[in-house]
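Just so it is clear: chains get the letters A, B, ... in the order the sequence lines come, proteins before strands, and each one is counted from 1.
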There are 2 protein chains.
Amino acid sequence: MGVTIRDVAEKAGVSVSTVSKVMNHWKTISEETTKRVEAAAAELKYTPNARAVNFARGNTRNIIYLTELKKGEAYSNPHMFDIMCGVFTELARNGYTMSLMDISDEAHPKETIRDIIDQKSADGIVIHGSVINQATADLIIDRSFPHLVIGHPDFDNRLCWVDTNHELAGEHAGEYILKHNAFPTVFIGGRKNEFISHEREKGFRSFLLRHKHRVTSDHVVYTSSTWKEGYEAAMKILSYDSSDASAAGGNQIPGSIVCENNTIAVGVSRAIKELGLSVPEDVAFLTFDVYPYSTILDPKPEVVEINVYDMGVQAGAMICRKIDNPGLMIQSYITLPEME
Amino acid sequence: MGVTIRDVAEKAGVSVSTVSKVMNHWKTISEETTKRVEAAAAELKYTPNARAVNFARGNTRNIIYLTELKKGEAYSNPHMFDIMCGVFTELARNGYTMSLMDISDEAHPKETIRDIIDQKSADGIVIHGSVINQATADLIIDRSFPHLVIGHPDFDNRLCWVDTNHELAGEHAGEYILKHNAFPTVFIGGRKNEFISHEREKGFRSFLLRHKHRVTSDHVVYTSSTWKEGYEAAMKILSYDSSDASAAGGNQIPGSIVCENNTIAVGVSRAIKELGLSVPEDVAFLTFDVYPYSTILDPKPEVVEINVYDMGVQAGAMICRKIDNPGLMIQSYITLPEME
DNA sequence: CTGAAAGCGCTTACAG
DNA sequence: CTGAAAGCGCTTACAG
């Protein structure tokens, strides 16, 4: 049914190898035969069978993207899918296909990856840091299989990874506050020991400290990242009775509130609205990430946005380089912040 | 480097074909040889090369999922990715891999699909209805390539597709209003000619009509689906001055507001809050889809939820059946609504 | 019950 | 500049 290289060879009156060479643009073929073969191929509407080509060449031209693909993941973790789109686009540009594979604790990450390597079903893998463990890392390193981890693992490792620099994002937030002289400033974070929140807080505070503004601990609030807690924190912060001010050690309504994430910002926005304050005149209002909620808030926060799609593109480019150059070692922070 | 079927054959002292038969559980092999071969395979940690197996069998055991994979798509269209996860899971369960491919007007849908068919890089495709056109449909039908379209195309076709039944979802909304006797009811939709909005409105109104409640046109509002327009519409609806009531032909504050989508619901929620009304006592409040916004609203709407992940699972099952049984024709609405 | 052989559709040294 | 032949790692009639 399908037209193969054989059919083209017959029609053009040449050998199969010659057709192959024409299809691959070898320059040793005479112009005349090239034309004859191309004409035959065109007439038969011949397209090389991609799987056969890769099989003969001993590669797959396929990269597997490993991540959690559970029900609801698209809503709880949309950034991951944006990264995935970035990776995909870059891989396609480099002539690779991309397959998906589910990986989570239940899916036995180590066995999944061992199978990929043994069955040679891909030339490389892109995998999310959140689903990788020490045993899996050891396996990848041991087999020296081309890989790239998105989001650096929380243990010592020799894996190749890329990540966003949340501390730097925190510094950008500090920069905004400084530029608008919106002091004193209050940082409302997630839980104290949460990685991303901690990094953002650290960058924020250290940037301001370098510029002679100390953000004291009583100007940092930890929450469990619900909008309610954000709302309550903001109500408390923004409602200092001016008569109390001197009494409570110089407490005053802050010039700005920085929310570590979108959900907290929902509550803070609601509090600002309820108190009839205007942004940024009465209080500047800042958060991280445009999505999922910042666009529908009123008042609307300023946003420190990280272009994660582009991080995906970078990751895609890196895995391609890794495949061509297995010795390559990459561990880097890629941050493309944009003030929106 | 890799251990092949040959190595196992040598070690076990049998032929390559025998090893193949053992790996594929032919029952013609004696128990004794089976054991010997299995031992050899285990010792060498042999795993068949998946690409070679498929190549020899003449299939790929791969399905390509075609959709838009642009930057930001994960935020603007999270439901699509939830469907994708459902499709993936079901395909994996059936022993298929799933590759992604970008398809959009710029990506030349027809050429992309022609290449897939010609290069035999997949046994079938799952494709989003929004990116399919007549020419592409003709090609697929003409080649009778196994396919499944998610979301039915807006032109006459003989494609296989599945879709959610938005009209039925509208009926569910009507049912809720009827059950809570929350009349009069106002439906705030998107633009009048928008497909989904129109279907939901139709189901809603016809269900209620069947139960002796006519939703007149002045109780239906069309918007361009911004939260602002939702807010303004709700403010107007909910602020009828009681003294005006008789004047304006019996206008009265409605017992319920049904929002056709989440964005409209954001504005309506805000209006209800601002007017100090309580839900559902003063006014019942309903929308469609839990995501992206309903969970963070205050007041929070009731939701008619459609399980699109499960629709993806169904679609995955159907494409597998299509491949085994090419004559199969499927055009159906799959709706698994859940009142949350 | 087992194996030799042809074949899946290409690529690529190698010889001419 | 072109082609015969071996090979990629399996499967599957077919023969014994």
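We find that CG of N54(B) is positioned 14 Å from P of dG9(C), with the value rounded to whole Å. Spacing between atom CG of D123(B) and atom P of dC8(C) amounts to 18 Å, rounded to whole angstrom units. Rounded to whole Å, the distance from CG on N49(B) to C1' on dC8(C) is 14 Å. If you measure from atom CG of N24(B) to atom P of dT2(C), you get 15 Å, rounded to the nearest angstrom. If you measure from atom CD1 of I29(A) to atom P of dT12(C), you get 13 Å, rounded to the nearest angstrom. Whole-Å rounding puts the Y46(A) OH to dG9(C) P distance at 10 Å. Taking atom CD on E10(A) and atom P on dC10(C), their separation rounds to 13 Å, with Å as the unit. When the C1' atom of dT11(C) is taken as reference, atom CZ of F55(B) falls 11 Å away, rounded to whole Å.
Within the structure, every side-chain polar atom (N or O) of T18(B) is placed at least 4.0 Å from both OP1 and OP2 of dT2(C). Between dC8(C) and T4(A), no contact under 4.0 Å exists linking OP1 or OP2 to a side-chain N or O.
A salt bridge between R158(B) and D142(B) is absent, with no side-chain N of the basic residue lying under 4.0 Å from a carboxylate O of the acidic one. Between E32(B) and K35(B) there is no salt bridge, since none of the side-chain N atoms of the basic residue sits less than 4.0 Å from a carboxylate O of the acidic one. Checked for salt-bridge contact, D82(B) and K70(A) miss the test: no charged N lies under 4.0 Å from a carboxylate O.
Between the side chain of K21(B) and the base of dG3(C) there is at least one donor-acceptor pair of N/O atoms closer than 3.5 Å.
Map S17(A) and V16(B) each onto its nearest nucleotide of DNA chain C; the residue landing nearer the 5' end is V16(B). Mapping S15(A) and A52(A) onto DNA chain D via the closest heavy atom, the residue that lands nearer the 5' end is S15(A). Take the nearest nucleotide of DNA chain C for E32(B) and for R57(B): the residue whose nucleotide is more 5' is E32(B).
Two rings, from H152(B) and F195(B), have their centers less than 6.0 Å apart.
Counting any heavy atom pair closer than 4.0 Å across all strands shown, S20(A) reaches a base atom.
Judged by Watson-Crick or G-U wobble contacts below 3.5 Å, the nucleotide dC14(D) has dG3(C) as its partner.
Distances from the side chain of A56(A) to the nucleotides dT12(D), dT2(D), dG9(C) place dG9(C) closest.
Geometrically, R51(B) does not engage F55(A) in a cation-pi contact defined by less than 6.0 Å to the ring centre and at most 45° from the axis.
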